[in-house]
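Reviewing the structure listed below.
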Amino acid sequence: MFALADCNNFYASCEKVFNPSIGLRPVVVLSNNDGCVIARSAEAKRLGIPMGAPAFKIEEMIRKYDIAVFSSNFELYGDMSQRVMNILSRFTPDLEIYSIDEAFLSLTGFEHLNLIDYGHKIRETLKQGTGIAVGVGIAPTKTLAKAANVYAKKNGSGVWFVYEKTDIDKLLRWLPISDVWGIGRKHSSRLENAGIKTAYDFVTKMSEEIVLKRMTITGVRTWKELKGIKCIPLEKFPPSKKSIATTRSFGHMVENYDKLIESVTTFASSCASKLRASRLAAGQIMVFIHTNSFRKDLDQYAQNRVLTLPVPTSDSLELIQYAQKALKDIFKEGYQYKKAGVIVSALVNENKIQQDMFDRIDREKHKNLMNAMDEVTKRFGKNSIKIASQGLGKRTWHMNQQNLSKRYTTRWDEIIEVKI
DNA sequence: TCTGGGGTCCTAGGACCC
DNA sequence: TCTGGGGTCCTAGGACCC
């Protein structure tokens, strides 16, 4: 048996926990650059604000309904997520942290318990420990647990449990095909056109062969899981990463090559510290840049370049060198750039690096330098030490974040104040 | 004026090997 | 008229997730 615990409107809920005066005002959280809506409180959903709505298109609603608007504060959400996961780990020996706001719990061996009561206990403990509401779906497969979770949230019970065939069938008849975990926009619209409207239609009207042909092996897994056949195991230890990325849209469009170098340097440096934090090294680096594809009135250009490193590395200085070289290759004068990014791949464990016989870099020395940089950052905070080519002036390419809340749980100088 | 960021997996087709 | 068999690796594109 699996339970899926999924936080309700996670980012919006995090903001509400630390701003109780919001009360019943609707809350939305915006993406980086204050671009579009990435989280909505229940009240905001009720107003009909769609997920992904560009902020400038809902300005009038924001005024009209006195909506509380927040820039995304990932330091806060990340820390709250850890608190949630810590509490969840009390309820099972086998926890899979599936995303920032949800986790699968193996409940195998817990069948003697009343699992509905157990689900409620999880909910209450989390609410008390973090202030965040969570929905719990319990079922024999992960895909069914997901489905039960959707139902628990929609019907307001908070916990839903299915095991008997009649209960599973009832759930599948209710579940819209587009809400099935693993069936996205493309497949659901194709299926709907073919008269497959619910999960029940999907498992009863379609054969395994047809599903395989149209939706590949992943579709078959979903199909079987909905029938109660376990295909997707719990992953207690997440497999190590295959790529790491830092990409950003700019607050203002950038034409200037030097400013673009500053941004790409910053992104490469960020990838390097992420690599070191995971004890990984990258064998490849990709840099991409592109113009604003929404601006049909402007000339468009998009390009990327992949470079292979002679020896896998997590060294900021080295990755920056290659990133700058890649950028130089693809940069074209005369365009207004809106977004750039660095993606490192071909990742290997840092102690399994294949050396190069003709390597001229003193890697030991560089490693010590990186350790020193990481220590300074740890003690004095992000951006307390930078590579000069990241730029020392005003970061004109930097993103807009006008409604950023404080990092209440991770910075002493931003700790919550209670006024009596 | 303003439209996010970070990931994974699968398949087909081409290039290449012996 | 006839044109092998059995593989691997890489990449782009498409689908999905949060």
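Lys339(A) has a side-chain polar atom (N or O) that falls below the 4.0 Å cut-off from OP1 or OP2 of dG5(B). Contact annotation: Thr247(A) reaches the phosphate of dG6(B) (side-chain N/O to OP1 or OP2, under 4.0 Å). For the pair Arg295(A) and dT1(B), the criterion of a side-chain N or O lying under 4.0 Å from OP1 or OP2 is not met. Contact annotation: Ser243(A) side-chain N/O to dT8(B) OP1/OP2 distance is under 4.0 Å. Within the structure, every side-chain polar atom (N or O) of Ser72(A) is placed at least 4.0 Å from both OP1 and OP2 of dG4(B). At the phosphate of dC2(B), neither OP1 nor OP2 sits under 4.0 Å from any side-chain N or O atom of Lys338(A).
Here the side chain of Trp181(A) is nearest to one of dT3(B), dC17(C), dC10(B), namely dC17(C). With dT8(B), dC2(B), dC17(C) as the choices, the nucleotide that has an atom nearest any side-chain atom of Lys241(A) turns out to be dT8(B). Comparing dC18(C), dT11(B), dG6(B) by their nearest atom to the side chain of Thr216(A) picks out dT11(B). Residue Arg248(A) places its side chain closer to dG5(B) than to any other of dT3(B), dG5(B), dA15(C). Nearest nucleotide to the Ile244(A) side chain, out of dG7(B), dC16(C), dT3(B): dG7(B).
In this entry the distance linking CE of Met215(A) with P of dC17(C) reads 10 Å, nearest Å. To the nearest angstrom, P of dT11(C) lies 12 Å from CG of Asn304(A). Atom CD in Gln401(A) sits roughly 15 Å away from atom C1' in dC2(B) (whole-Å rounding). Straight-line distance from the CE atom of Met286(A) to the C1' atom of dG6(B): 12 Å, rounded to whole Å. Straight-line distance from the CZ atom of Arg221(A) to the P atom of dC9(B): 10 Å, rounded to whole Å. Between Lys186(A) atom NZ and dC17(C) atom P the separation is 13 Å, expressed in whole Å. Rounded to an integer number of Å, the gap from CZ of Phe294(A) to P of dC2(B) is 11 Å. Atom pair Met51(A):CE and dG5(B):P shows a separation of 14 Å (rounding to whole Å applied).
For an aromatic pair to be called close, the ring centres must be under 6.0 Å apart, and Tyr200(A) with Trp223(A) fails this. Outside the 6.0 Å centre-distance limit, the rings of Phe70(A) and Tyr11(A) are not counted as a close aromatic pair. In this structure, the ring of Phe91(A) has its center less than 6.0 angstrom from the ring center of Tyr118(A).
At the heavy-atom level, Phe74(A) lies nowhere under 4.0 Å from the strands shown. Ser293(A) comes within 4.0 angstrom of no nucleic acid atom, judged by non-hydrogen atoms across all strands. Using a 4.0 Å heavy-atom criterion, one finds that Val220(A) contacts no nucleic acid atom at all. Contact annotation for Lys146(A): backbone-only contact, meaning every heavy-atom pair under 4.0 Å involves sugar-phosphate atoms and none involves a base. No contact: Ile100(A) has no heavy atom under 4.0 Å from any strand. Among the protein residues, Ile183(A) comes within range of the sugar-phosphate backbone only, with heavy atoms under 4.0 Å from sugar or phosphate atoms but none that close to a base. Contact annotation for Lys242(A): backbone-only contact, meaning every heavy-atom pair under 4.0 Å involves sugar-phosphate atoms and none involves a base. Residue contacts shown for Asp101(A) are limited to sugar-phosphate atoms, with no base heavy atom under 4.0 Å away. Contact annotation for Leu30(A): no contact, since no heavy-atom pair falls under 4.0 Å across all strands. At a threshold of 4.0 angstrom between heavy atoms, the contacts of Asn33(A) with the nucleic acid are absent. In this structure, Ala245(A) reaches the sugar-phosphate backbone alone: every heavy-atom distance under 4.0 Å involves primed, P, OP1 or OP2 atoms, never a base.
The side-chain tip of Lys142(A) points at the ring of Phe104(A) from less than 6.0 angstrom away and within 45° of straight on. Note that Lys170(A) lies outside the cation-pi zone of Trp174(A), set by a 6.0 Å cut-off to the ring centre and a 45° limit from the axis.
Heavy-atom distances to DNA chain B give each of Leu212(A) and Ala55(A) a nearest nucleotide, and the one nearer the 5′ end belongs to Ala55(A). Nearer the 5' end of DNA chain B, as judged by each residue's closest nucleotide, is the contact made by Asp34(A), out of Asp34(A) and Thr246(A).
Taking a cutoff of 4.0 Å between a charged side-chain nitrogen and a carboxylate oxygen, Glu43(A) and Lys16(A) qualify as a salt bridge. Between Asp374(A) and Lys378(A) there is no salt bridge, since no side-chain nitrogen of the basic residue lies less than 4.0 Å from a carboxylate oxygen of the acidic one.
Using atom P as the reference point in both dT3(B) and dC18(C), the two lie 25 Å apart (nearest Å).
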